[in-house]
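Comments concern the structure below.
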Amino acid sequence: MACDESATAFELSEIPRVVPGMDRTTAVVRSIDDLAPQLANSREYWLGWGDGEDDDLAMYRSDLPDPLLNGVMRSRNTDVASVVDEVRRYFDGCPWYWRVAPDSDAGVREALVEAGAVEALTMPVMAFDLTALPDVPGTTGLRISVAEATPQGIATFVRAYGPALGVPQEGLQATTENEFARASRSDAEIRFIGWIDDRPVATSMLSVGHGVAGIYTVATQATYQRRGIATAMTLAALRAGYDLGMRVATLQATAQGEPVYRRMGAKTVAHYHMMSFPQ
């Protein structure tokens with residue numbers, strides 16, 4: 001768990017030893033190969049962008065203009081061919097993905113292709129052993145703080161990740177409102193902001209649940225990339241997860257982020273196949 005903090009000012013004293021609302025009856029996951037809790041953590045996070053339930057056909061709709069923020073997380077015990085038209089009508093008017101991973105029934109991907117879907121991208125599910133995090137040099141000039149779950153704190157968090165994650169200027173307010181709503185519902189999420197010269201330029205987020213530490217919203221604005229900031233932001237969330245008693249962390253990687261996480265010791269344990277229907 002060692003880390004050279006000489007060049008990076010981590011302000012993480014606000015992290016509680018036990019996150020309020022954490023289900024302490026849930027066993028802490030000890031192996032990165034224990035996949036089901038990792039996928040459950042992912043479902044819980046993404047469903048939180050809408051009003052979805054974690055059931056056999058787990059769907060959520062935020063109405064935000066990002067296909068990651070609307071979609072189907074899991075489909076099991078479901079005849080895909082008989083529901084696909086209804087699902088498509090539900091998401092009419094917003095971009096969305098139908099995710100297929102090992103928590104869905106076998107054959108779902110093939111059924112979607114038969115119904116006209118194409119695979120838009122594949123996202124690896126990567127896991128960290130939190131007892132074996134690497135030593136990572138600090139990043140000069142970077143200060144990391146915990147975002148308060150207040151309208152102002154959440155607005156700063158969204159403003160920091162918006163440009164990196166493609167949130168249009170006109171979508172910042174709606175994204176902030178949705179992010180604040182989920183922050184108000186969950187005490188098991190901690191948001192981190194990276195600052196350069198008092199400007200918020202990077203983010204990461206920890207979502208504790210199902211015995212694992214979920215890492216989300218790792219983003220660095222373009223002007224500040226390739227300085228090791230994403231590594232530092234990820235490490236801040238990982239260390240916080242460890243401090244809260246978690247021993248495995250999980251995340252879904254973009255093509256840009258995958259090599260960063262691999263260098264930090266993460267291993268690919270599954271894949272999400274992101275299916276979409278051409279308009």
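Everything numeric in this text was worked out from a predicted model, so none of it was measured. Positions are given from 1 along the sequence.
With a 6.0 Å radius and a threshold of 12 heavy atoms from other residues, nucleotides or ligands, D79 has its CG atom above the threshold. The environment of D51 atom CG is sparse: at most 12 non-hydrogen atoms of other residues, nucleotides or ligands sit within 6.0 angstrom.
Interatomic distance, T176 OG1 to I154 CD1, rounded to the nearest 0.5 Å: 8.5 Å. Atom-to-atom distance recorded for Q221:CD and R159:CZ is 9.5 Å, nearest 0.5 angstrom. Note that CG of L47 is 11.5 Å distant from OG of S62, once rounded to the nearest 0.5 Å. Note that CG of L251 and CG of L238 are 7.5 Å apart. Values are rounded to the nearest 0.5 Å. In this structure, CE in M59 is found 13.5 Å from CZ in R74, a value given to the nearest 0.5 Å. Distance check: D197 CG to Y224 OH gives 6.5 Å after rounding to the nearest 0.5 Å.
In this structure, R185 contributes its side chain and G48 its backbone to a donor-acceptor pair below 3.5 Å. Judged by distance alone, the side chain of N70 and the main-chain N or O of D66 form a donor-acceptor pair under 3.5 Å. Judged purely by atom type and a 3.5 angstrom limit, T203 uses its side chain to pair as donor or acceptor with the backbone of T217.
Side-chain contact annotation: N41 with T250, donor-acceptor N/O pair under 3.5 Å absent. Between the side chains of Y97 and E119, no donor N or O sits under 3.5 Å from an acceptor N or O. Side chain to side chain, Q152 and E148 fail the donor-acceptor criterion of an N or O pair below 3.5 Å. Between R262 and T268, the side chains place a donor N or O and an acceptor N or O closer than 3.5 Å (distance only, hydrogens not considered). Side-chain atoms of T231 and Y261 include no donor-acceptor pair closer than 3.5 Å.
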Quick one: do D103 and R43 satisfy salt bridge (Lys or Arg N to Asp or Glu O under 4.0 Å)? Show the steps, please.
CA-CA 10 Å; D103 54 350; R43 289 195 306 274; 2.8 Å; yes
For side chain to side chain donor-acceptor pair (under 3.5 Å), just list the numbers for Y272 and S42, CA-CA rounded to whole Å, side-chain angles, deciding distance to a tenth of an Å, and then say yes or no.
CA-CA 11 Å; Y272 276 111; S42 175; 2.9 Å; yes
Show your reasoning for whether side chain to side chain donor-acceptor pair (under 3.5 Å) applies to W96 and S276.
CA-CA 7 Å; W96 64 287; S276 67; over 6 Å; no
Output, in order, the C-alpha distance, side-chain angles, deciding distance and verdict of side-chain contact (heavy atoms from CB on, under 4.5 Å) for Q38 and H210.
CA-CA 7 Å; Q38 298 179 54; H210 303 276; over 6 Å; no
Audit row: R99, H273, side-chain contact (heavy atoms from CB on, under 4.5 Å) steps and yes/no
CA-CA 6 Å; R99 301 184 186 219; H273 300 278; over 6 Å; no
Applying salt bridge (Lys or Arg N to Asp or Glu O under 4.0 Å), run through R191 and E189 and close with a yes or a no.
CA-CA 7 Å; R191 293 164 177 80; E189 297 178 349; 2.7 Å; yes
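You'll find the side chain of W98 stays beyond 4.5 Å of the side chain of M274, heavy atoms only. Using a 4.5 Å heavy-atom threshold, the side chains of L142 and W195 count as separate. Inter-residue side-chain proximity for I32 and F128 is flagged as unmet; no heavy-atom pair is nearer than 4.5 Å. With contacts defined as side-chain heavy-atom distances shorter than 4.5 Å, the pair L39/P102 qualifies. By the 4.5 Å heavy-atom criterion applied to side chains, V100 and L112 are counted as neighbours.
Remark: K267 does not engage D33 in a salt bridge, criterion side-chain N to carboxylate O under 4.0 Å. The pair D105-R76 does not meet the salt-bridge criterion, since no charged nitrogen lies less than 4.0 angstrom from a carboxylate oxygen.
Under a hydrophobic clustering in which Ile, Leu, Val, Met, Phe, Trp and Tyr are joined whenever their side-chain heavy atoms come within less than 4.5 Å, directly or via other members, I190 and L130 fall into the same cluster. Both L68 and L64 sit in one connected hydrophobic cluster of ILVMFWY residues. Membership requires side-chain heavy atoms under 4.5 Å apart, directly or through other members. Residues L244 and M233 share a hydrophobic cluster, clusters being chains of Ile/Leu/Val/Met/Phe/Trp/Tyr side chains in contact below 4.5 Å. At a threshold of 4.5 Å between side-chain heavy atoms, the hydrophobic network of Ile, Leu, Val, Met, Phe, Trp and Tyr places F192 and Y161 in two separate groups. M246 and L235 fall within the same hydrophobic cluster, defined by Ile, Leu, Val, Met, Phe, Trp and Tyr side-chain heavy atoms under 4.5 Å apart, directly or through other members.
Residues S75 and L57 share a closest heavy-atom pair of CB-CD1, 3.9 Å. Among all heavy-atom pairs drawn from A160 and I193, the shortest one is CB-CG2, 4.4 Å. The shortest heavy-atom contact between A202 and T220 is CB-OG1, 3.9 Å. Shortest non-hydrogen contact noted between A213 and G241 is CB-CA, 4.1 Å. Of all non-hydrogen atoms in P124 and H271, the two that sit nearest each other are CA-CD2, 3.6 Å. In terms of heavy atoms, Y90 sits closest to R61 at O-NH1, 2.5 Å.
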